Amino acid sequence: MPDSKQPDPATGDAPRESEPSARPGVPERPSLEGLEERWSAVWERDGAYRFDRAAVRERIFSIDTPPPTVSGSLHVGHVFSYTHTDTLARYRRMRGMDVFYPMGWDDNGLPTERRVQNHFGVRCDPSVPYDPDFTPPPAGASEGEPVPVSRPNFVELCLQLTESDERAFEELWRTLGLSVDWSMTYTTIGALAQRISQASFLGLLARGEAYQLEAPTLWDIDFRTAVAQAELEDRERPGAMYRVRFAGASGGADALIETTRPELIAATVAVLAHPDDARHHELVGADVLTPLFGTRVPVLTHPLVDPEKGTGLVMVSTFGDVTDVTWWRELDLPVRSVLGPDGRLQEVPWGSPGWETDDLERARASYEQISGRTINQARKRMIEMLEQDGDLVGEPEPVTRAVKFFEKGERPIEIITSRQWFIRTVEHREALIERGRELHWHPPYMRARYEDWARGLNGDWCVSRQRFFGVPFPVWYRLDERGSVLYDDPIVARGERLPVDPSTDVPDGYEPAQRGQPNGFVADPDVMDTWATSSLTPQIAGHAGEDDELYRKVFPMDLRPQAHDIIRTWLFYTVLRSHLDEGVLPWRDAAISGWVLDPDRKKMSKSKGNVVTPMHLLEEYGADAVRYWAANGRPGADTAFDPQQMKVGRRLAVKLLNASKFALADLPPEGPALNHPLDRAVIARLSGVVREATSSFEDYDYARALERTEEFFWWYCDFYLELIKGRRYDPDPDVSASVSHALRLSLSAFQRLFAPFLPFVSEEVWSWWQEGSVHRAPWPDADELAASAAGAHRNGEEMALEVTADVLREVRKAKSQARRPMRAPVRRVVVRDTAARLQALDLGSGDLVAAGAIELLEPVEDDEFVVEVELAPEQEP
RNA sequence: GGGCGCGUAGCUCAGUGGGAGAGCGCUCGCUUCACACGCGAGAGGUCGCAGGUUCGAAACCCGCCGCGCCCACCA
């Protein structure tokens, strides 16, 4: 409860009655309840975190915030890493920087599509015409087949759903106290992001850095879209190794190969051995026949073949895995494609060119058995047929192997030939590695992940996706007089028209009626990989091409914060785009966060069902407490989810409330200088802590800054505040003046040191006695504090504080062991110690005898520190 | 198979050349004039294992073991 009659703690003056003070004074019973709501409203009202675009570049600190994927809800892992960034932002702001800290929402892409399909029970069908009056079926109502809707209708549903998610996300971030400038928010599906993505793409196309190619592509058979190497992950899957006989053609020797994919025998184009493998020398150069189909395939050699595996012979099919693609390319083999985009075996023209066979009837009959079936069904049937024909040799051997999956997919990736857009990556590999070395990594070892990834790239970045909710490619194709698509010379949109949707917009010089007609045009049907947009977040956030004055002030950015799992995607691609478009690194520093692990040290993920949602944590422990837990996670280190740490954080916040109340409520007037040794000593130590916290923050190590501050703060409360109580309440203003001064200095520093971590409680205690927001206050100055405490070290005063605390600890121990209260009087304390320490003790003995209720303090010179405590006899009740 | 990280008290983790630490948990005590959302005290460790460098190693070097992550040509 604010008390307007009490003296103003900052000045000691009585508040002016006529002018209601902005400073409410120290409340009777300070509390954490409701601080989030109260202060976030004030910060919003005052624009506390508003970016000031008038600032000069040197005073700007710009942050390339990760736009969280808008699909469902944020989890505690987001809270973790976004808190790390926020502490850094708040530190820089207090250092006087104008912090550019926008938020983005990554709403475009597959996760949203999937969510919309499930939520509304619809499916996108681009052949359906747009229905302007379409209303979706009520959520959960559709039991049966999903309703086909047009692409524009589908996109509308996506926008509708993401918008409500984004409101919920913003609400959570505000409750957590992220100091973002909410007037700068962007989305990856918005017009700005679309324009920048399309403009960048057209630039790359004009410079030959983007190209279109019909080639074997990583393909997800469920989503029916191409995916990129960076989106693959390995999953262990049980399988079996089959040994299969390929009969020698024209009476030659048989070849025994081993494969896990017998369903691809019809797609086999060669059998390979290692060039040095003597076992197969006579076979090399001959032809063998595929079992069941009788296709002639050559036996060739290639150094990648591992002679140790199986028989040393391997079949090459188009395409079973990425190695097949290498062999196919390097040995210039033909394509025999059996797998369709839907993951079923497709019709094959046996007997026509490329599908010649020594036994046409048998080939057709065999293929009849698997045509139209799924991969698993075809595999099963093939094994049965091979077994019947005696071409399956021995027993299949069960194996567990790593299979590549699209990270969001449910069935293994296949490789299917299709026309896709690519951005050149491989030829820039060395330059990109060099960019990675220019970047300052926190922690430094994270750079290895970047370099490993860059070195391991085996193809250019496939950026086209056969999906709907994304940024379309701004191109059309001409149709010839027969209506065939002419891919080689796309019509590109003019820059002023961007963003365009080629499926509804019409290219210059054409009429809408010419769409799909002979001599007319068609739209490129694809959208961009979501990373193709989010790799441009620095440009999007900075409004490149739209507000170049702003862009020049914030780009290249100062900081990219993100988690380590997306170094190969988000970080790598952003470096690539900036390198290709601007020829610079997109940021100077990268701060890499770890993951939140569940208590069993497993990664939290939706599929494991161990995800913790954060809102109830914020409600139960308070935002500051949750932030405290997060800020304890070292940069880059995976950290266990631990509500216990949140309780500790809450304790710390309460302690700051109470210590501030003790120090500031009815504080006597301060003197001009610190004239007591212990006051100078504590400020000298505080100066060291500020120095350490500052250098930790400069090194992006928020966790160390917090740890050092916290450690000293608890010590300060337990020892210094106890020691000075006598002088604090002394009615003689000459006695209390120095301690009053020290309390102001120290509390002011503590409140500011904690502000990046505990923004709500820090603002609360700051508001009791200071003008303005603590988050706009200058970061404590170690040199200034050291100057206030000048001479403390030289005069042995720091030692005085140390020895005084040592003795107080011994006195407390004696009382505790005697099971007496801490205020129990002590008749006599004998302190044995070195002369230097006894001399120092003398400087603090006044506070010591008061705090310990000591009647007689007796120093005795000795080599070893020993304290003898003689308690006064217990009084009878 | 390669790379990176980690291994310190029951738990979570600091500590990078000289004394083995913190918080939580546990035990005991204390209505103390900021705080019982508190205060004080205590028990608890072969610093993964083995070797080396050094006057001295939890720390530096070599090897091994275990855990995690990333990557790989995964047939």
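Throughout, protein chains are lettered first and strands after them, A, B, ... in sequence-line order, and every chain is numbered starting at 1. If you're wondering where the values come from, they're calculated on a predicted model, not measured in any experiment.
For the C1' atoms, the distance from B/rG29 to B/rC61 is 50 Å, rounded to whole Å. Nucleotides B/rA59 and B/rA20, compared at atom C1', are 12 Å apart to the nearest Å. B/rG38 and B/rA43 have their P atoms separated by 23 Å, with the value rounded to a whole Å. Rounded to whole Å, the P atom of B/rG66 lies 35 Å from the corresponding atom of B/rG23. Comparing the C1' positions of B/rA50 and B/rC39 gives a spacing of 47 Å, expressed to the nearest Å. Rounded to the nearest Å, the gap between the P atom of B/rG21 and that of B/rU16 is 15 Å. Nucleotides B/rG48 and B/rA57 place their P atoms 15 Å apart, quoted to the nearest Å.
Look at A/Arg704 and you'll find a side-chain N or O under 4.0 angstrom from OP1 or OP2 of B/rG15. Look at A/Lys815 and you won't find any side-chain N or O under 4.0 angstrom from OP1 or OP2 of B/rG29. Distances shorter than 4.0 Å separate some side-chain N or O of A/Arg651 from OP1 or OP2 on B/rC24. Listed pair A/Gln229 / B/rA72 meets the phosphate criterion, a side-chain N or O lying under 4.0 Å from OP1 or OP2. Note on A/Lys725: every side-chain N or O is 4.0 Å or more away from OP1 and OP2 of B/rC39.
Along RNA chain B, the nucleotide nearest A/Ala448 and the nucleotide nearest A/Ala663 are compared for position; the residue whose nucleotide lies closer to the 5' end is A/Ala448. Nearest-nucleotide assignment on RNA chain B puts the 5′-proximal partner with A/Gln817, out of A/His564 and A/Gln817.
In summary, the side chains of A/Ser593 and A/Gln562 do not present any donor paired with an acceptor at a separation below 3.5 Å, with no hydrogens or angles considered. A side-chain donor from one of A/His564 and A/Asp638 sits under 3.5 Å from a side-chain acceptor of the other. Side-chain atoms of A/Glu710 and A/Tyr628 include a donor-acceptor pair closer than 3.5 Å. A/Thr311 and A/Arg243 share no side-chain donor-acceptor pair at under 3.5 Å.
Interface residues of residues 307-317 of chain A facing RNA chain B, ordered by number: A/Lys309, A/Val314; criterion, heavy-atom separation under 4.0 Å.
A cation-pi contact links A/Arg837 to A/Phe865, judged by a cut-off of 6.0 Å to the six-membered ring centre and 45° from its axis. Both the sub-6.0 Å distance and the 45° axial angle are satisfied by A/Lys725 relative to the ring of A/Phe662. Stacking of A/Arg812 on the aromatic ring of A/Phe719 is recorded, both the 6.0 Å distance cut-off and the 45° axial limit being met. Because its NZ or CZ atom is not both nearer than 6.0 Å to the ring centre of A/Phe406 and within 45° of the ring axis, A/Arg411 does not count as a cation-pi partner of that residue.
Across the protein-nucleic acid pair, A/Tyr628 atom OH and B/rC24 atom C1' stand 10 Å apart, rounded to whole Å.
Counting only heavy atoms from C-beta on, A/Met822 has its side chain closest to B/rU32 among B/rC69, B/rC71, B/rU32. Out of B/rA41, B/rC69, B/rA75, the shortest distance to the side chain of A/Val305 is found at B/rA75.
B/rG44 makes up no base pair with any nucleotide shown, lacking Watson-Crick or G-U wobble contacts both under 3.5 Å.
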